[in-house]
Amino acid sequence: MRSIEHIYINGKFVVPHGEDRLDLINPATEERIGDVRLGNENDVRAAVAAAKRALPALAGSTKAERIDMLHSLRDAIAANPDELIQTMTEEYGAPSYFTAFSVQNTASVFDVMAETVAEYEFDRVVGKSAVRMLPRGVLAAITPWNSNFGFIATKLAHAIGSGSPLVIKPAEQSALQTEVLAKRLYQAGLPAGVLNIVNGTGPVVGAALTSDPDVATISFTGSTQAAKIIQRAAIDGMKRVILELGGKAPTIIMPDAELDKAIPVALMSGFANSGQACVAGTRILAPRSRMAEISERLKVEAEKLKVGAPRDAEVRIGPMASRAQWERIQMYIRLGIEEGATLLTGGTGRPAGLDRGWFARPTIFVDVHSNMRIAREEIFGPVLCLIAYDDEDEAVEIANNSEYGLQAYVLGADQKRAVQIAERLLVGRVVVNGAPHDPRAPFGGFKQSGIGREIGAFGLDGLLEPRAILTA
Ligand code: NAI
Ligand code: MG
């Protein structure tokens with residue numbers, strides 16, 4: 001049992017003005033493992049004021065100074081990954097393969113940003129004018145619970161890289177993770193006010209941040225629904241919003257795909273992070289001529305995936321992060337049945353042998369039409385739809401027939417052909433044939449998946465504005 005009593009403002013851990021508390025729950029056991037004292041509007045005001053005071057010095061920092069800060073942050077994270085992994089396991093419940101990746105990625109985003117800063121042209125000559133890329137001002141970030149460390153690190157790396165002091169409101173249900181991470185970030189010795197962390201709910205702390213007149217840019221990762229509230233709140237202050245939102249990624253299995261390779265990739269893309277991933281490949285598109293074979297292989301392989309407690313190294317799918325998420329998944333599985341889709345595997349309730357914890361059954365629906373809600377809406381759990389297509393044009397049409405446009409996957413023996421299909425998809429990223437994670441590729445979506453991009457030079461562009469000096 002741990003009580004989180006502090007937030008981080010102006011280089012110090014301080015007691016928030018807010019007095020509300022939220023229980024923190026281990027999703028694999030449903031046990032209460034702690035609680036957090038939440039901040040309020042006064043804490044946001046103090047945090048933004050601290051960030052504003054830090055702006056001139058950070059905005060004026062050199063590339064070398066920013067790179068030093070980024071390296072110190074990386075080192076502070078990389079020093080003892082186990083503590084971070086343990087806390088993520090306990091409070092979020094992700095399987096060990098994912099926690100290990102996530103913590104390693106949390107350190108490496110600072111490295112990637114250091115490389116970006118080294119290469120980025122902050123000073124340019126455009127026409128006859130001297131152009132300098134300046135930070136827009138204080139950056140506010142709001143992040144979700146499905147990869148708490150990674151999202152905080154990514155927002156902070158962009159803040160430092162661009163010279164914008166940061167006030168961040170992480171997901172309130174991830175407060176134990178935020179606390180262990182904050183203690184590490186503190187060790188990096190950033191100047192006071194450059195990083196401020198305020199725990200709190202969306203409607204209180206999130207709303208205060210998004211309407212604060214001294215915030216210039218908002219970087220949000222989370223639901224499309226919350227993003228719309230945030231974007232409306234940003235209008236009066238003329239804030240720029242960078243939004244990384246939901247997805248309904250298609251996985252196109254090409255007619256020539258080798259199923260020994262394609263099926264495991266399709267399943268791991270779909271069930272990545274226990275299905276709680278904006279990039280999850282939740283619509284599997286298969287050629288009608290091979291439907292019988294593909295559905296049989298998906299069923300057999302999906303039923304081999306172990307669901308269970310996150311510390312078990314064999315486990316591929318952990319619990320849903322919360323009761324609310326588990327209930328949402330159940331609602332969508334019932335909905336799919338009502339809409340007339342057929343369960344290939346899975347269904348409602350918990351998997352056999354698991355009677356506690358927010359475990360859902362890995363579920364695949366067949367006989368799915370693109371107009372069903374289960375094929376259109378982001379479910380955010382281990383629930384996949386298998387959809388038939390007749391030819392490649394139809395595969396592309398179904399893939400693009402989505403309100404979302406974050407990510408897609410293409411699997412085929414002929415790599416050139418697969419890339420040609422990838423080029424027809426309106427999404428921020430297409431992963432061809434299970435390509436490994438590229439930490440430098442831009443990230444973000446089209447349509448309801450968001451606005452703007454993170455990572456690398458594209459990520460910095462969103463936080464900067466050019467100032468041109470014209471001389472006679
Ligand atoms: P959410 O979008 O409500 O929460 C994400 C963050 O936004 C949290 O820090 C939350 O406190 C904050 N927030 C919520 N309302 C806000 C407001 N009015 N103003 C400012 N900040 C606000 O996501 P939630 O409710 O936890 O999950 C619901 C669904 O959203 C999921 O099932 C999934 O479909 C989607 N989602 C997508 C994510 C992604 O990675 N793109 C991450 C989390 C959720
Ligand atoms: Mg919400």
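One-based numbering, in listed order, for ligands and for the atoms of each.
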I'd like the atom pairs linking ligand 1 to the protein - N or O on both sides, separation under 3.5 Å - with distances to 0.1 Å.
residue: ligand 1; atom: 2 (O); partner: S223; partner atom: N; Å: 2.8
residue: ligand 1; atom: 2 (O); partner: S223; partner atom: OG; Å: 2.6
residue: ligand 1; atom: 9 (O); partner: T143; partner atom: O; Å: 2.8
residue: ligand 1; atom: 9 (O); partner: K169; partner atom: NZ; Å: 3.0
residue: ligand 1; atom: 11 (O); partner: K169; partner atom: NZ; Å: 2.9
residue: ligand 1; atom: 11 (O); partner: E172; partner atom: OE1; Å: 2.9
residue: ligand 1; atom: 11 (O); partner: G202; partner atom: N; Å: 3.3
residue: ligand 1; atom: 26 (O); partner: W145; partner atom: NE1; Å: 2.6
residue: ligand 1; atom: 32 (O); partner: Q325; partner atom: OE1; Å: 3.2
residue: ligand 1; atom: 32 (O); partner: Q325; partner atom: NE2; Å: 3.3
residue: ligand 1; atom: 32 (O); partner: R328; partner atom: NE; Å: 2.9
residue: ligand 1; atom: 34 (O); partner: R328; partner atom: NH2; Å: 3.2
residue: ligand 1; atom: 34 (O); partner: E378; partner atom: OE1; Å: 2.7
residue: ligand 1; atom: 40 (O); partner: N146; partner atom: ND2; Å: 3.4
residue: ligand 1; atom: 41 (N); partner: G222; partner atom: O; Å: 3.3
residue: ligand 1; atom: 41 (N); partner: L245; partner atom: O; Å: 3.0

Exercise. Of all residues at least two apart in sequence or in a different chain, which pass the ring pair (Phe, Tyr, Trp, His ring centres under 6.0 Å) check with F380?
Worked result: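 Here the qualifying residues are W145.
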For this session: Would you please name every residue forming a ring pair (Phe, Tyr, Trp, His ring centres under 6.0 Å) with F101, sequence neighbours left out?
Result: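 Result, ring pair (Phe, Tyr, Trp, His ring centres under 6.0 Å) vs F101: H437.
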Exercise. So, does R350 use its side chain to make a donor-acceptor pair with the main chain of R361 at under 3.5 Å?
Worked result: no
Exercise. So, R440 and E115, do they make that salt bridge, N to O below 4.0 Å?
Worked result: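 Result for this pair is yes, salt bridge flagged.
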Exercise. Rounded to the nearest 0.5 Å, what separation is found between the CD1 atom of I197 and the CG atom of L185?
Worked result: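 CG of L185 is found 6.0 Å from CD1 of I197.
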For this session: Go through the structure and list residues passing side-chain contact (heavy atoms from CB on, under 4.5 Å) with A272, not counting sequence neighbours.
Result: none
